[in-house]
Enquirer: 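Let me give you the structure first, and then I'll get to my questions.
Here the structure is a predicted model, which means the values were calculated and not measured. Atoms within each ligand, like the ligands themselves, are counted from 1 in listed order. Atoms considered below: every heavy atom in the structure, side chains included; atoms not considered: hydrogens, waters and symmetry mates.
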Amino acid sequence: MSTERSNDTPQQHTAPGAGNAPKRLDVVVVGGGFGGMYAIYKFREMGLRIQGFEAGGDLGGVWYWNRYPGARVDLPSIDYSYSFSPEIEQEWTWSEQFAAQPELLAYIDFVAKRLSLREHFQFNTRVTSAAWDEARQLWTVITDRGDAYEASYCIMATGPLSIPKDPEIPGIERYTGRLLRAGKWPHEPVSFAGLRVGVIGTGSTGIQIVQEIGPQAGELFVFQRTPSFTMPMRNETLEPDYVAEVKRHYAGIREAARNSAVGGVRPQSTRAFFSVTPNQRRRLLDDAWKNGGLAMLGTFTDLMVNAEANEHVAEFVRGKIGEVVNDPDTAEKLKPRGYPIFARRPCLDSSYYETYNRPNVHLVDCFSDPILEFTEKGIRTQSGEVELDMIILATGYDGLTGALLAFDVIGRQGRKLNEKWQDGPRSYLGLMMEGFPNLFMTTGPNGPAALANIIRISENDVDWIAAAITHMDNNGLSTIEPTRKAEDGWMDLVFRICQRSLILKAKSWWVGANVKDKPQGLTLFTGGFQKYQEHCAAAAQNGYPAFVFDRAKEAVAA
Ligand code: NAP
């Protein structure tokens, strides 16, 4: 590990400038989240000429943008951290079991300084196109500053949740109050005191916002279309003794995470729901509810494939909602029905349901009373206008594919990525695509992204890419590209193994249902993180049999 320290702060670094000759690099990395940061570090340590681009003003990806009140990771911080550096593991100390966004940004800042990463990124810069130059075997990358770069390899570390999505409700431009988007939250503090605030959206983001600002706002109106299942987070301050113990055992903790389905340490059951008595089931669910976090998901082996078992657990959670929420009508509206629990992203909260017991918090059920339009003063639903000083959009993302389809990615023979993906994303391992040589993705849309720890996936993917580049260097190879057969085989596997999953029974961003005209279907690998790693490792064995390579036609390095 590089041991140098620097006082780096986000800044603009020298760029060629419009009209200048393209800058020649080995690797371009698009995105400065966890994946892009590790990629830059890894390739720099390999001695490659690197450049990172980040649309935000600093590193951090979703954690840079999502500064909304109450933003907090819902995987344990110990798991949601880099494992590649024992030094960073020892030097950094988490204060809470589930870190809040400011602590996550502080961690990102710590890593960036410790590894001197910022100097390799150009911030406030969007890549507007990346095109493969067949003759010269390199990628030409253009930014919104009009600068051009040429690189042998292009790494898309663009993340699964980078393109926030406004709701499809007419009249947004008409609204004269303050409109805030969770995914582009202002850097300065926002006061809710005395204001009539509306929140649209009750996914993970909306739930965190509602419980945080409910006690602060004058009146809070929550516009809920589909209720989410949310379970107690039971966040805790981490005691120094516990942190010391974790630091002594990091190697084992990481090993266990790598060998798990979710890329994190969480109790996993070996029993099927109906293999134990109703009393035992109830006790196990009660314990999981008391333990908090995603313990509920680990209570039984068959919750994602056995609809009847799943419904029992869903009903258990509905019962808990009824116990917490005082008003029976509100409680009923908050109870999710019509889709299996865990088939949409499960949420964690600390006081979400309790918030509805406050007299200033009002639930607007958009199923029985749909939103018709934004007005000058607020939101009009079928039953009338709600005047609002502030509206917060927590309406989600064009997930998994949005970021890569937001600019031109052009492969062999001028073929565009949006043509290749017109019926949904296709790739081999979520890492590479036929027709797009030397282009790699981290946490790509056909891997386990969204279903497992994104940092574990990023590390796996970057390590895999680094090994592939090393293999090519060692063998005088200039291009790598998966065969069509390999890509078809992977996609068949992805589709086949998800057929039994109850995830297909719900509409959510996981299946593209939240974006108009987006191809629908689950394209994520549901076989678990451990299996995903095994597939990646197997693909790199015996000379990468699922790939075609070209030998260097000429010395392309400048
Ligand atoms: P989301 O889960 O997609 O939720 C978007 C919400 O907006 C849904 O409730 C949706 O309702 C609603 N919505 C959209 N258009 C609407 C309309 N026209 N009228 C009424 N409601 C509308 O998005 P998210 O909450 O931002 O979460 C996205 C992902 O980010 C999560 O699944 C998770 O992976 C990640 N995340 C993680 C954390 C964490 O680690 N703690 C926190 C936040 C987010 P419908 O469902 O009916 O469409």
Enquirer: Parallel, tilted or perpendicular: which fits the ring planes of F34 and Y107, with parallel below 30° and perpendicular above 60°?
Expert: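 Aromatic pair F34/Y107 classed tilted.
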Enquirer: Could you find the nearest protein heavy atom to atom 47 (O) of ligand 1 and give me its residue, atom name and distance?
Expert: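 Result for atom 47 (O) of ligand 1: T226 OG1, 2.5 Å.
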Enquirer: Centre-to-centre under 6.0 Å for F229 and F342, is that the case here?
Expert: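 No - the distance between ring centres of F229 and F342 does not fall below the 6.0 Å cut-off.
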Enquirer: Check step by step if side chain to side chain contact (heavy atoms under 4.5 Å, CB included) holds for W289 and R234.
Expert: CA-CA 9 Å; W289 189 264; R234 309 232 188 269; 3.5 Å; yes
Enquirer: Should one rank R345, K507, Q101 by closest heavy-atom distance to atom 34 (O) of ligand 1, which comes out on top?
Expert: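 Among R345, K507, Q101, the closest heavy atom to atom 34 (O) of ligand 1 belongs to R345.
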Enquirer: Minimum distance, heavy atoms only, to atom 31 (C) of ligand 1: which one of A71, G203, S204, P227 is it?
Expert: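 The nearest heavy atom belongs to S204.
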Enquirer: Just jot down the ring-ring contact (aromatic ring centres under 6.0 Å, His included) partners of W464, sequence neighbours excluded, or say none.
Expert: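 Per chain and number, W464 pairs via ring-ring contact (aromatic ring centres under 6.0 Å, His included) with Y544, F547.
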Enquirer: Quick one: which ligand 1 atoms are inside 4.0 Å of a heavy atom on Y397?
Expert: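 Numbered from 1, ligand 1 contributes 26 (O).
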Enquirer: Heavy atoms only: which of K165, R225, M233 is nearest to atom 17 (C) of ligand 1?
Expert: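 It is R225 whose heavy atom sits nearest to atom 17 (C) of ligand 1.
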Enquirer: Do E311 and R318 sit within salt-bridge range, that is, some charged N less than 4.0 Å from a carboxylate O?
Expert: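 Judged by the 4.0 Å cut-off on N to carboxylate O distance, E311 and R318 do form a salt bridge.
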Enquirer: Does N514 reach ligand 1 with a nitrogen or oxygen that is under 3.5 Å from one of the ligand's nitrogen or oxygen atoms?
Expert: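 Between N514 and ligand 1, no N or O pair is found under 3.5 Å apart.
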Enquirer: Considering T381, D74, T205, I454 one by one, which has a heavy atom nearer to atom 25 (O) of ligand 1 than any of the others?
Expert: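 It is T205 whose heavy atom sits nearest to atom 25 (O) of ligand 1.
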Enquirer: Report, in ascending order of atom number, the atoms of ligand 1 lying under 4.0 Å from any heavy atom of I169.
Expert: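 Those of ligand 1 that fall under 4.0 Å from I169 are 18 (N).
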Enquirer: Which option wins on minimum heavy-atom distance to atom 9 (O) of ligand 1: T202, I200, I371?
Expert: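 Checking each option, the heavy atom nearest atom 9 (O) of ligand 1 is found in T202.
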Enquirer: For atom 39 (C) of ligand 1, what's the nearest protein heavy atom and its distance?
Expert: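 For this ligand atom, the closest protein heavy atom is R72 O, 3.3 Å.
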Enquirer: Tell me which pairs pass salt bridge (charged side-chain N to carboxylate O under 4.0 Å, His left out) where either residue lies in residues 494-518, with sequence neighbours left out.
Expert: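 For residues 494-518, and leaving out neighbouring residues, the salt bridge (charged side-chain N to carboxylate O under 4.0 Å, His left out) pairs sorted by first residue read D398-K518.
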Enquirer: Which of the listed options, W509, W63, F98, holds the heavy atom that is closest to atom 32 (O) of ligand 1?
Expert: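 Nearest option to atom 32 (O) of ligand 1, by heavy atoms: W509.
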Enquirer: If you apply the rule side-chain hydrogen bond (donor to acceptor under 3.5 Å, both in side chains), what do you find for R254 with S81, and how did you get there?
Expert: CA-CA 10 Å; R254 299 308 193 193; S81 55; 3.1 Å; yes
Enquirer: Could you tell me whether atom 12 (C) of ligand 1 has at least one protein heavy atom nearer than 4.0 Å?
Expert: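 Protein heavy atoms within 4.0 Å of atom 12 (C) of ligand 1 - there is at least one.
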Enquirer: Taking side chain as C-beta onward, heavy atoms only, is V199 less than 4.5 Å from Y68?
Expert: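 Side chain of V199 against side chain of Y68, heavy atoms only: no contact under 4.5 Å found.
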Enquirer: Considering only the protein, which heavy-atom contact is closest to atom 35 (C) of ligand 1, and what is its distance?
Expert: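 Answer, as residue, atom name and distance: L161 CD1, 3.6 Å.
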Enquirer: Is the number of heavy atoms from other residues, nucleotides or ligands under 6.0 Å of K377 NZ greater than 12?
Expert: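 Atom NZ in K377 is not packed in, count stays at 12 or less.
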Enquirer: Which option out of A394, G201, G70 puts a heavy atom nearest to atom 5 (C) of ligand 1?
Expert: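 Looking at heavy atoms only, A394 sits closest to atom 5 (C) of ligand 1.
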Enquirer: For atom 42 (C) of ligand 1, what's the nearest protein heavy-atom neighbour? Residue, atom name and distance, please.
Expert: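 Nearest neighbour among protein heavy atoms for atom 42 (C) of ligand 1, to 0.1 Å: Y68 OH, 3.4 Å.
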Enquirer: Looking only at protein heavy atoms, identify the closest one to atom 1 (P) of ligand 1 and say how far it is in Å.
Expert: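 Closest protein heavy atom to atom 1 (P) of ligand 1: G396 CA, 4.1 Å.
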Enquirer: For atom 46 (O) of ligand 1, what's the nearest protein heavy-atom neighbour? Residue, atom name and distance, please.
Expert: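 Ranking protein heavy atoms by distance from atom 46 (O) of ligand 1, first comes R344 NH2, 2.7 Å.
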Enquirer: Does R456 make a cation-pi contact with F529 (under 6.0 Å, within 45 degrees of the axis)?
Expert: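 No - R456 does not lie over the ring of F529 by the 6.0 Å and 45° rule.
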Enquirer: Heavy-atom pairs closer than 4.0 Å: do any link ligand 1 to the side chain of F223, the backbone, both, or neither?
Expert: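 Answer for F223: neither.
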Enquirer: Measure up the W92 and F110 rings against each other and bin them: parallel (under 30°), tilted (30 to 60°), perpendicular (over 60°).
Expert: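 The rings of W92 and F110 sit tilted, inter-plane angle from 30° to 60°.
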